[in-house]
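To start, the structure under review is shown below, and the notes come after it.
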Amino acid sequence: MFAASADNIVTGSKLLMELLGADPSARAEIAERMRAAEHAGDDATHAIFHQLNSSFITPFDREDIYSLASSLDDIMDFMEEAVDLVVLYNVEELPKGVEQQIEVLARAAELTAEAMPHLRTMENLTEYWIEVNRLENQADQIHRKLLAHLFNGKYDAIEVLKLKQIVDVLEEAADAFEHVANTVETIAVKES
Amino acid sequence: MFAASADNIVTGSKLLMELLGADPSARAEIAERMRAAEHAGDDATHAIFHQLNSSFITPFDREDIYSLASSLDDIMDFMEEAVDLVVLYNVEELPKGVEQQIEVLARAAELTAEAMPHLRTMENLTEYWIEVNRLENQADQIHRKLLAHLFNGKYDAIEVLKLKQIVDVLEEAADAFEHVANTVETIAVKES
Amino acid sequence: MFAASADNIVTGSKLLMELLGADPSARAEIAERMRAAEHAGDDATHAIFHQLNSSFITPFDREDIYSLASSLDDIMDFMEEAVDLVVLYNVEELPKGVEQQIEVLARAAELTAEAMPHLRTMENLTEYWIEVNRLENQADQIHRKLLAHLFNGKYDAIEVLKLKQIVDVLEEAADAFEHVANTVETIAVKES
């Protein structure tokens with residue numbers, strides 16, 4: 001079930017990629033598909049919670065399952081929010097650097113989707129969380145440079161506020177990938 | 001004791017309502033009463049922690065009690081901050097939409113106050129957390145539209161910054177209500 | 001090992017102090033030393049996690065150790081980010097009030113470094129966490145007044161955005177000190 005949730009995040013990250021190259025007139029339709037993906041994610045999360053409620057024995061600690069499902073849900077929420085804000089704020093053009101943020105998210109999404117099935121055996125997970133932590137550091141650097149660009153560039157203050165909100169939400173998505181990796185690490189520590 | 005803490009939050013949400021209709025000259029006095037309510041909340045939180053420290057046996061896991069008390073405390077802190085910022089920033093007029101944010105908070109406060117006494121029996125809590133989660137989604141939509149209004153409206157950039165800070169803090173209060181509901185759900189899952 | 005991590009935070013807070021009095025031309029070099037301190041902090045955190053992974057028996061709950069190490073790591077990250085942003089944004093002059101924020105952080109760093117060795121005996125920790133909570137309240141008041149000053153002052157909107165980002169990160173550092181104190185309190189509650 002975590003795998004279904006993570007696969008859905010891969011779908012979300014592909015929609016973010018699509019948004020980058022899209023004509024402003026095509027954005028509303030991408031936002032629509034993103035909303036559908038987010039709802040699918042919500043269903044996956046609720047299925048996990050329902051299963052958790054009705055099981056006497058769980059493979060890991062209930063709290064870790066809860067935390068993992070919540071963090072996967074957060075990622076999808078942040079990605080959906082980013083797309084929604086681009087439409088809602090009538091953003092003309094996304095600043096240079098956003099495509100790097102989204103590439104990092106797409107890479108983290110792939111790694112997370114690959115890692116989830118390994119929760120069964122707890123094997124080969126070390127590389128995953130080291131790499132996701134590395135990606136989060138990279139996202140952080142990109143984010144800081146993006147803000148410096150927005151603040152020192154030729155943007156109007158209100159435009160800066162809009163774009164800042166969007167790049168901040170994308171940074172929160174990167175942070176949420178790290179939370180997922182940290183929870184996986186916590187589970188692995190307990191199992192070891 | 002959680003009930004006392006939640007009742008205090010109802011008081012806080014009523015003060016937020018009062019702020020909406022108040023003349024700017026009357027705001028300082030409302031902020032004063034809000035500060036008193038926040039101090040009463042702090043006392044309730046410390047009473048819970050003190051009790052927790054001196055008890056061998058607790059009705060639920062210590063960590064969940066701790067988390068519940070902290071999240072209730074957070075709600076009060078955010079509500080107090082919102083009122084304080086309105087005074088501190090000399091805000092002329094709150095933007096349309098803030099009254100919707102505050103109505104959602106007032107509804108969540110009522111539901112939370114009604115739910116707390118049910119922690120004794122763990123009955124009738126499902127509806128509460130479904131409804132608080134629904135309210136948080138609604139608050140999120142109101143918040144996004146408020147920001148779009150601020151960014152696409154006729155506001156001066158500094159005025160946008162002030163108002164954004166206030167509507168962001170109110171959104172954090174809505175998130176904190178969801179944290180409370182999620183902790184209640186976690187407790188219910190463990191008890192089931 | 002927590003003591004090493006906390007000593008490193010004292011180093012970081014001294015570098016923040018140094019930044020305050022430094023000529024803009026000297027900032028890059030301070031940022032360089034801050035980055036080195038942050039890397040030392042990362043090493044301390046990883047040493048704790050490695051030890052945690054390879055130990056059957058731990059002095060406290062694994063989750064609390066994890067949480068404590070993570071929060072200490074967060075403090076260092078926020079302090080490093082603040083210095084980096086001052087350089088990255090080419091900030092001319094930090095607004096009045098930042099020196100108060102940094103003094104509170106320096107005091108919290110000292111208290112935290114003094115408290116860590118007491119985790120062995122769990123003695124004399126009550127004063128530490130009461131004082132850190134008090135300092136966090138103070139930091140919060142300073143932060144609110146700083147924002148009011150930025151918003152009601154004679155600053156350009158983009159300059160406000162830059163300075164707000166920096167004072168917000170310093171406020172996050174103060175919050176992270178409180179998280180450390182709260183985790184210490186949680187550990188003490190369990191041990192009692």
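Basis for what follows: all heavy atoms, side chains included, without hydrogens, waters or symmetry-related copies. Note that the structure is predicted; figures quoted are calculated from it, not measured.
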Notebook entry, point to check: Quick one: what part of B:Leu147 sits under 4.5 Å from any heavy atom of chain A, side chain, backbone, both or neither?
Noted result: both
Check: What part of B:Asn182 lies closer than 4.5 angstrom to a heavy atom of chain A: side chain, backbone, both or neither?
Finding: both
Note to self: Just so I know, are the side chains of A:Val132 and A:Val180 near enough to count as touching, which here means a heavy-atom distance under 4.5 Å?
What the structure shows: no
Notebook entry, point to check: Where on A:Tyr66 is there a heavy atom nearer than 4.5 Å to chain B: the side chain, the backbone, both, or neither?
Noted result: side chain
Note to self: If you define the side chain from C-beta out and look only at heavy atoms, does anything of A:Phe177 sit under 4.5 Å from A:Ile75?
What the structure shows: yes
Check: Does the gap between the ring centers of B:Tyr128 and B:His118 come in under 6.0 Å?
Finding: no
Margin query: Is any side-chain heavy atom of A:Met79 closer than 4.5 Å to one of A:Met76?
Written below: yes
Next item on the list: For the residue pair B:Asp168 and B:His143, establish whether any side-chain heavy-atom pair is separated by less than 4.5 Å.
Entry: yes
Checklist line | Heavy-atom contact with chain B under 4.5 Å, split by part of A:Glu81 | finding: both
Next item on the list: Select, from A:Asp84, A:Asp77, A:Asn90, the one with the greatest count of heavy-atom pairs under 4.5 Å involving chain B.
Entry: A:Asp84
